[in-house]
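Working notes, structure below.
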Amino acid sequence: MSDKKTQRIKPQTLRGFRDFLPDQMMAREHLIDIARSVYRSYGFAPIDTPALEYAEVLLGKGGEESDKQVFRFTDQGDRDVAMRFDLTVPLARFAAQYVQELGVPFRRYHIAPVWRGERPARGRFREFMQCDFDTIGTMSNSADIETLFVINDLFEKIGIERFTIRVNNRKVLNGLLEKCGLGEHAVGILRCLDKLDKIGRDAVAAEMVERVGITAAGASQVLDMAQLKGTPDEILRGLDGMLAGSQIGETGVNDLRELFASVDACGWPAGRVSLDVSIARGLDYYTGTIYETLLGDLPEIGSVCSGGRYDNLADLFTAQQLPGVGASLGLDRMLAALEELGRTQKATTPAPVLVTMFDAGRVSDYLQIGRRLRQAGIGTEVYPEAKNIGKQMKYADRKGFRLAVIAGGDEFAAGQFQVKDLQNGTQASVAAADLIAHISALLSPSK
RNA sequence: GUGGUUAUAGCUCAGUUGGUUAGAGCGCCAGAUUGUGGUUCUGGAGGCCGCCGGUUCAAAUCCGGUUAGCCACCCCA
């Protein structure tokens, strides 16, 4: 009926929200599995918090501009509620609430979606995943250095060969500004400085004069220092001179020096960790070492893992001081990068083996083959219909199965199965008793 | 939030100064081949031309609005 057609609901997703098809979801879960295992290997423990919080818990920290981006509404009980827009503010509330029973230092990871009502753009959505890890309750530089280790392991495990972790320290920046007599403009200046890569020196200088209200000479002085170039040792020596007498600046330099000494001991490829005095990160709350990570083959997409040290996470919620350090993997950006680099696999099946069905009268036998394989830890799908084998092979090929098991009347009579390797086209006849061993061997990583 | 731009089959797109039955490639389904995938050949299904309104004898085509995507700003706790 034509009436019915007009009554149908149009299938569509909300602006800025996305569906994920199996091939995309496989890639996402693979990345999440890696992040989870790296985090756990350092002792970070998983937590979760609600998607919805009291609006007052989430709002008011980032100013009006960011409050506008928060999804907020009144619930059925007339409560003023909001959806979390990052994982850091919920962590602050969480830490304030449970620090007594958790004790410090406390290390947690949190992999979960967040929501922001901002205008969608390339790589920016209204619902996206964050993969945070933080160590709270310690001032020790050791935690800062390990943050760097975590980032390094993360990228190595993902299989990226070329990447650079850029490091700086807010204390160094503040020390430099203090020496220039620009201390009270720190926030504005750093926000401009953070754009250096994107818009260039001249534009940053102009913006500092126009929007922050400092002199052109002051802007130039700041930029000269921020653009110090060289090996970390050379830059640190340069900073020593510039920061002499600034207590905060010297503290920052010492932290960096200790950090780079640890890096030297790691034996990583040259240039993996660089010192860049121009990076500031947009966030106001960082107070110490800060990190961002660029891909060697795709630097233009920006940082895919960023973070830093903050003095006091939870002062909105508790009098107890909770310093910490952590970082966050930008999952969506990382996936976009892997895709662009042609590094995502195409399989849309999570199981490597397909048991084809030849004879509808033997359904139970096929299902038992599947069961046996799964009990041996081999993911197996049993094709649900006795369609012709050509169709089933085509299905296996398209979904990316590694192996197909084929068994008809002849095989059952002989107690043999055909096992076909879809990747190289070879096929072997295998005794039923040897099936598991044969398939395990074909699937073993050494093959 | 500001400006620009786009919207036609599942996907990528073509569609003449407005004109009669809206096309292609890929994909999907089926057959050639009821015991073997990627190749090939044949056939088929699938469209309120994003949505609403206007101009016109006539609109996928022109105009207004709206929704969504993309790009540049703004912002990014």
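In what follows, chains are A, B, ... by sequence order, proteins preceding strands, each numbered from 1. Not measured: the values here are computed from a predicted model.
- The same atom, P, is picked in rG10(B) and in rG50(B); the two are 13 Å apart, to the nearest Å.
- Base pairing of rU2(B): its partner is rA72(B), meeting the Watson-Crick or G-U wobble criterion (both donor-acceptor distances under 3.5 Å).
- Between rG64(B) and rC75(B), the distance separating the two P atoms is 32 Å to the nearest Å.
- Partner of Phe133(A) under the ring-ring contact (aromatic ring centres under 6.0 Å, His included) criterion, chosen from Phe106(A), Tyr42(A), Tyr109(A), Phe44(A): Phe44(A).
- In this structure, the side chain of Thr318(A) does not engage the main chain of Ala314(A) through any donor-acceptor pair within 3.5 Å.
- If you measure from atom CZ of Arg402(A) to atom C1' of rG38(B), you get 17 Å, rounded to the nearest angstrom.
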Tell me, for nucleotides 31-37 of chain B in 5' to 3' order, what letter each nucleotide earns: B for a base near a protein heavy atom under 4.0 Å, S for only sugar-phosphate near one, - for neither? S--SBBB

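- Look at the C1' atom in both rU34(B) and rC70(B): the space between them is 49 Å, to the nearest Å.
- A cation-pi arrangement is present between Arg18(A) and Phe125(A), with the terminal nitrogen or guanidinium carbon under 6.0 Å from the aromatic centre and inside a 45° cone about the axis.
- Remark: C1' of rC28(B) and CG of Leu21(A) are 15 Å apart, rounded to the nearest angstrom.
- Panel note: side chain Tyr383(A), backbone Met393(A); no donor-acceptor pair is recorded below 3.5 Å.
- Side chain of Tyr39(A) to backbone of Cys131(A): a donor-acceptor contact under 3.5 angstrom is found.
- Here rA68(B) presents its C1' atom at 14 Å from CZ of Phe125(A), a figure rounded to the nearest Å.
- Of the C1' atoms belonging to rG18(B) and rG44(B), the separation is 34 Å, rounded to the nearest Å.
- When the C1' atom of rG27(B) is taken as reference, atom CG of Asp23(A) falls 14 Å away, rounded to whole Å.
- Distance check on atom P: rU2(B) versus rA14(B) gives 30 Å, rounded to whole Å.
- Side-chain N/O atoms of Arg119(A) and base N/O atoms of rC73(B) include no donor-acceptor pair closer than 3.5 Å.
- Straight-line distance between the C1' atoms of rU21(B) and rU66(B): roughly 31 Å, to the nearest whole Å.
- As rounded to the nearest Å, rC49(B) and rU20(B) have P atoms that lie 15 Å from one another.
- If you check the side chains of Asp276(A) and Ser278(A), you find a donor sitting under 3.5 Å from an acceptor.
- Not one N or O on the side chain of Thr293(A) forms a donor-acceptor pair closer than 3.5 Å with the backbone of Ile165(A).
- At whole-Å resolution of the value, CZ in Arg15(A) and C1' in rG1(B) are 11 Å apart.
- Remark: P of rC70(B) and CZ of Arg18(A) are 10 Å apart, rounded to the nearest angstrom.
- With both ends at atom C1', the span from rA60(B) to rG23(B) equals 12 Å, rounded to whole Å.
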